[in-house]
Amino acid sequence: MKFIHVTDPHLVAPGELVLSLDPLPRFEACIRSINDRESDAELVVITGDLVDRGQLSAYHALRTVLDTLVLPYHLLIGNHDDRNNFLSVFGEAWRDESGFIQGTVETKQGLFVFLDTVQQGKSAGEYCARRCRWLQGVLAKSVSQPIYLFMHHPPFDIQIPFLDNIGLESKEAFVDCIDAHDIRHIFFGHVHRPISGSWRGIPFSTLTSTNHQVALNMRKITHDRYSDEAPTYSVVLLDSVSTIVHTFPYMHNKPLSI
Ligand SMILES: [Fe+2]
């Protein structure tokens with residue numbers, strides 16, 4: 001199966017900018033490119049920071065753009081999102097029994113599990129005991145199938161201090177929560193960089209935002225945090241033996257003449 005991973009559009013109210021960039025046309029270009037090139041995919045997942053300042057008008061702008069997408073989509077929230085404003089525009093979103101925006105989708109290749117790692121009002125994430133109980137219930141009912149996890153905050157440090165300072169808190173509790181299950185891959189957002197590898201034997205991948213990027217800066221300094229690297233989306237191909245992630249810079253891909 002094929003699906004598309006998009007992350008961190010950071011939309012704002014019309015006329016506002018984020019780091020001197022207008023997130024809306026960049027996100028519109030992303031959705032146009034997916035419609036033009038990847039309409040045979042099964043779904044699109046956006047892993048949080050849907051908007052930058054939690055504004056209702058930004059969620060309305062998001063909905064307007066997503067109404068043009070020819071594929072089904074699933075939305076996670078990130079630390080820049082506002083749960084109530086999000087739900088007032090996307091009332092159909094999943095909620096678990098505690099009200100967290102978590103849910104699952106059955107696919108041919110296994111179960112996609114969408115997590116809510118947001119602590120409202122804080123940049124750092126958390127995966128609390130109530131959320132963990134929900135996830136353990138999902139995993140307990142799915143022992144015979146591969147699991148693909150989607151979350152905003154990565155469950156480990158990525159060695160960029162600026163981002164690790166606002167990472168997931170209580171990482172050990174999250175490890176206990178997923179331990180001993182067949183997690184095939186973790187897809188996350190939050191870091192605004194193209195990163196892949198494995199963690200505790202679990203492969204992972206993430207990608208750049210459709211708006212601004214975080215600079216590859218592993219020093220503990222506070223300037224040069226952001227960069228103008230290209231926005232991307234990922235085309236993910238899954239079958240029973242492989243996970244292939246192609247990341248596409250949809251605004252910077254002119255063919256070269258031979
Ligand atoms: Fe973000």
Side-chain angles (χ1 to χ4, degrees), residues 4-13 16-31 44-55 57-59 61-62 65-66 73-83 85-86 89-90 93 101 114-127 149-169 186-196 204-218 222-234 247 249-251:
I4 309 298
H5 183 190
V6 175
T7 201
D8 293 76
H10 283 259
L11 299 190
V12 284
E16 295 182 5
L17 301 178
V18 179
L19 294 167
S20 306
L21 300 170
D22 185 345
L24 184 60
R26 296 161 77 88
F27 183 62
E28 288 171 330
C30 174
I31 298 304
V44 175
V45 182
I46 307 181
T47 46
D49 283 357
L50 305 168
V51 307
D52 191 66
R53 294 154 200 165
Q55 298 149 305
S57 57
Y59 287 112
L62 177 68
V65 180
L66 289 175
Y73 60 85
H74 300 288
L75 305 178
L76 281 67
I77 58 167
N79 49 291
H80 282 260
D81 287 297
D82 179 285
R83 268 199 191 82
N85 284 350
F86 168 71
V89 178
F90 292 92
I101 297 164
F114 303 91
L115 307 182
D116 177 342
T117 59
V118 174
Q119 301 190 75
Q120 199 69 55
K122 289 184 72 174
S123 298
E126 69 170 354
Y127 206 69
L149 290 184
F150 298 79
M151 55 204 297
H152 182 68
H153 296 82
F156 50 87
D157 286 344
I158 58 157
Q159 308 307 324
I160 294 179
F162 160 49
L163 288 167
D164 291 341
N165 286 339
I166 55 169
L168 192 75
E169 295 176 354
I186 301 176
F187 299 90
F188 57 83
H190 190 54
V191 301
H192 295 229
R193 291 212 55 76
I195 308 174
S196 59
F204 67 81
S205 58
T206 184
L207 65 158
T208 59
S209 157
T210 58
N211 194 58
H212 55 285
Q213 315 315 341
V214 169
L216 180 56
N217 182 348
M218 297 181 177
T222 55
H223 56 278
D224 295 337
R225 283 184 176 178
Y226 299 104
S227 79
D228 67 350
E229 291 162 83
T232 57
Y233 59 80
S234 289
T247 299
Y250 58 89
M251 293 175 74

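Heavy atoms only: backbone and side chains are in, while hydrogens, waters and symmetry mates are out. Just so you know, ligand 1 is whichever comes first in the structure, and atom 1 is the first atom listed for that ligand. It should be emphasised that the depicted structure is a prediction, and the values quoted were computed from it without experimental measurement.
The set of protein atoms (N, O or S) found at less than 2.8 Å from the Fe ion (ligand 1) reads D8 OD2, H10 NE2, D49 OD2, H192 NE2, by chain and number.
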Pairs of donor and acceptor atoms involving the side chains of residues 17-26, under 3.5 Å and at least two apart or interchain, shall be tabulated with distances.
from, atom 1, to, atom 2, distance (Å)
D22, OD1, L24, N, 3.1
R26, NE, T210, O, 3.3
R26, NH2, N211, O, 2.9

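With respect to H80, the side chain to side chain contact (heavy atoms under 4.5 Å, CB included) criterion is satisfied by exactly one of H190, R53, H10, H152: H10.
Between Y226 and F162, the angle of the ring planes goes over 60°, which puts this pair in the perpendicular group of the 30/60° scheme.
Looking at T7 and T47, their side chains do bring a donor and an acceptor atom within 3.5 Å of each other.
R225 pairs by the salt bridge (Lys or Arg N to Asp or Glu O under 4.0 Å) definition with nothing, not counting sequence neighbours. Q213 is linked by a side-chain contact (heavy atoms from CB on, under 4.5 Å) to H192, T208, S209, S227, E229, P231, counting only residues two or more places apart in sequence or in another chain.
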